[in-house]
Amino acid sequence: MAHLALTQFQLVSSPTDASLKTSVAGFKQGFIKTQSLRFQYPSGIPLLSSDLKSRNLHSTNKYQVCMSVGQAVTPKVAVSPLELDDAIEPPLNTYKPKGPYTATIVSVERIVGPKAPGETCHIVIDHDGNVPYWEGQSYGVIPPGENPKKPGAPHNVRLYSIASTRYGDSFDGKTGSLCVRRAVYYDPETGKEDPSKNGICSNFLCNSKPGDKVQITGPSGVAPFRGYLRRMFMESVPKFKFGGLAWLFLGVANTDSLLYDDEFSKYLQDYPDNFRFDRALSREQKNKNGGKMYVQDKIEEYSDEIFKLLDEGAHIYFCGLKGMMPGIQETLKRVADERGENWETKLSQLKKNKQWHVEVY
């Protein structure tokens, strides 16, 4: 059962700010300066980031972004408290399953159109600044009720990647946002929904109302790229200046299934030298062979650029359903073979250099 039916691919290239090292289970996260290319794959997104000489998340970029004459760029949003950028280490497991924090639902918004196969919601949670996090981390959510496999015990924790920056959607450091796909089960024989087998936590979250309480744990793990992109292009943070290239390949079923499309399109308009955005719509677009368009088809289309960036030190991240990885891996292997390269050797080197990051489920 899929909790997030989308595939996103991001490419980040930065001459000074560098690649985002993700932190699974407590690894330090930061930007690495070295001509690095980076792919990230949030809850269905791969990202690639290329950067030339730097190794510090807080480094100031010396490069200027060139804009076309007369182009109106949306001013970045001031954030607070700026002390959230002073920490050297990311917060980790501030609240644990046996002692979760009780937060409050601020809003729940459906963010896909009526023709999307399934429902995805953007959920803002108020933690009043008590459960801080960094971009690239997850919250655990404990749905209300009793664990059917352990009578008398609460449900197990479900992890959800945080879709906002450390300052939250209100830019005050007091909220965190989740992007949740409602998990619904349909009987393969009757084709009808079986509510008894629906996802407990995703339905709890998508059905929540403002003011409802939610128990959260964490933070931990890795997150989707909306938070990274907001930090790069929306927020004004004195200690963080991004001057690289972020290239997002977003794969979904159709136009109605696109997530945060207005937000990403605005970055494309305001920062054309720093952001590229390609969509793979499997039910609306065709690949070069006349079949459905998937993220791996986009990877193949831009393979020369992608491999060049990887050779220059890019980091590639994948997040989403486990089932998406074989097709992507097969495409990368085929492209490598066509280029006269050995993919197994290349992949081994990418992992050794910590350029390869995967978060799938």
Output all residues satisfying ring pair (Phe, Tyr, Trp, His ring centres under 6.0 Å) with Y294, sequence neighbours left out; order by chain, then residue number.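 By the ring pair (Phe, Tyr, Trp, His ring centres under 6.0 Å) rule, Y294 matches no residue at all.
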So, for [X] and [Y], which heavy atoms are closest and what is the spacing to 0.1 Å?
{"X": "Y267", "Y": "M234", "result": "OH-CE, 3.6 Å"}
{"X": "S80", "Y": "Y167", "result": "O-CD2, 3.4 Å"}
{"X": "F275", "Y": "A246", "result": "CD1-O, 2.9 Å"}
{"X": "S164", "Y": "S177", "result": "OG-N, 3.0 Å"}
{"X": "P219", "Y": "P91", "result": "CG-O, 3.5 Å"}
{"X": "I216", "Y": "A103", "result": "CD1-CB, 4.0 Å"}

Given 3.5 Å as the limit, does a donor-acceptor pair link the side chain of [X] with the main chain of [Y], or not?
{"X": "D187", "Y": "G191", "answer": "no"}
{"X": "R276", "Y": "N274", "answer": "no"}
{"X": "N93", "Y": "Y95", "answer": "no"}
{"X": "S202", "Y": "A183", "answer": "yes"}
{"X": "K209", "Y": "N207", "answer": "yes"}
{"X": "T331", "Y": "G327", "answer": "yes"}
{"X": "D194", "Y": "S196", "answer": "yes"}

Sole candidate of E300, Q329, Q296 that passes side-chain hydrogen bond (donor to acceptor under 3.5 Å, both in side chains) when paired with R334: E300
Please say whether the positively charged group of R166, taken as NZ for Lys or CZ for Arg, lies over the ring of Y133, i.e. under 6.0 angstrom from the six-membered ring centre and within 45 degrees of the axis. no
Out of the candidates V180, L258, L259, only one should pair with I111 under the side-chain contact (heavy atoms from CB on, under 4.5 Å) rule; please name it. L259
Among V214, D212, I200, V108, which one satisfies side-chain contact (heavy atoms from CB on, under 4.5 Å) with L205?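 For L205, the side-chain contact (heavy atoms from CB on, under 4.5 Å) test succeeds with only one of V214, D212, I200, V108, which is V214.
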Aromatic plane relationship, [Y] with [X] - under 30° parallel, 30 to 60° tilted, over 60° perpendicular:
{"X": "F242", "Y": "F240", "value": "parallel"}
{"X": "W356", "Y": "F318", "value": "tilted"}
{"X": "W343", "Y": "F307", "value": "tilted"}

Applying side-chain hydrogen bond (donor to acceptor under 3.5 Å, both in side chains), name anything that partners K346, two or more places apart in sequence or on another chain.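 Partners of K346 by the side-chain hydrogen bond (donor to acceptor under 3.5 Å, both in side chains) criterion, ordered by chain and then number, come out as D311, E341.
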Non-neighbouring partners of S265 that pass side-chain hydrogen bond (donor to acceptor under 3.5 Å, both in side chains), sequence neighbours left out: R279
What distance separates [X] [atom1] from [Y] [atom2], expressed to the nearest 0.5 Å?
{"X": "R158", "Y": "S138", "atom1": "CZ", "atom2": "OG", "answer": "15.0 Å"}
{"X": "T255", "Y": "D261", "atom1": "OG1", "atom2": "CG", "answer": "8.5 Å"}
{"X": "E263", "Y": "F277", "atom1": "CD", "atom2": "CZ", "answer": "10.5 Å"}
{"X": "D169", "Y": "S107", "atom1": "CG", "atom2": "OG", "answer": "7.5 Å"}
{"X": "Y101", "Y": "T94", "atom1": "OH", "atom2": "OG1", "answer": "11.5 Å"}
{"X": "R231", "Y": "L229", "atom1": "CZ", "atom2": "CG", "answer": "12.5 Å"}

Would you say [Y] and [X] are linked by a side-chain donor-acceptor pair, where the criterion is simply a distance under 3.5 Å?
{"X": "S220", "Y": "Q137", "value": "no"}
{"X": "N254", "Y": "R283", "value": "no"}
{"X": "D126", "Y": "T175", "value": "no"}
{"X": "D172", "Y": "S170", "value": "no"}
{"X": "D278", "Y": "Y302", "value": "yes"}

Show which side-chain atoms of residues 139-149 pair as donor or acceptor with protein atoms under 3.5 Å away, not counting sequence neighbours.
{"residue": "Y139", "atom": "OH", "partner": "V131", "partner atom": "O", "Å": "2.5"}
{"residue": "E146", "atom": "OE1", "partner": "G152", "partner atom": "N", "Å": "3.0"}
{"residue": "N147", "atom": "OD1", "partner": "K149", "partner atom": "N", "Å": "2.9"}

Quick test of your reading of the model: are [X] and [Y] salt-bridged, counting only N-O distances below 4.0 Å?
{"X": "D262", "Y": "K266", "answer": "no"}
{"X": "K292", "Y": "D297", "answer": "no"}
{"X": "E301", "Y": "K288", "answer": "no"}

For E193, the side chain to side chain contact (heavy atoms under 4.5 Å, CB included) test, sequence neighbours excluded, returns V184, Y186, P195, N198
For residues 93-116, which residue pairs pass the salt bridge (Lys or Arg N to Asp or Glu O under 4.0 Å) check, not counting sequence neighbours?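 Pairs touching residues 93-116 that pass the test: R110-E119.
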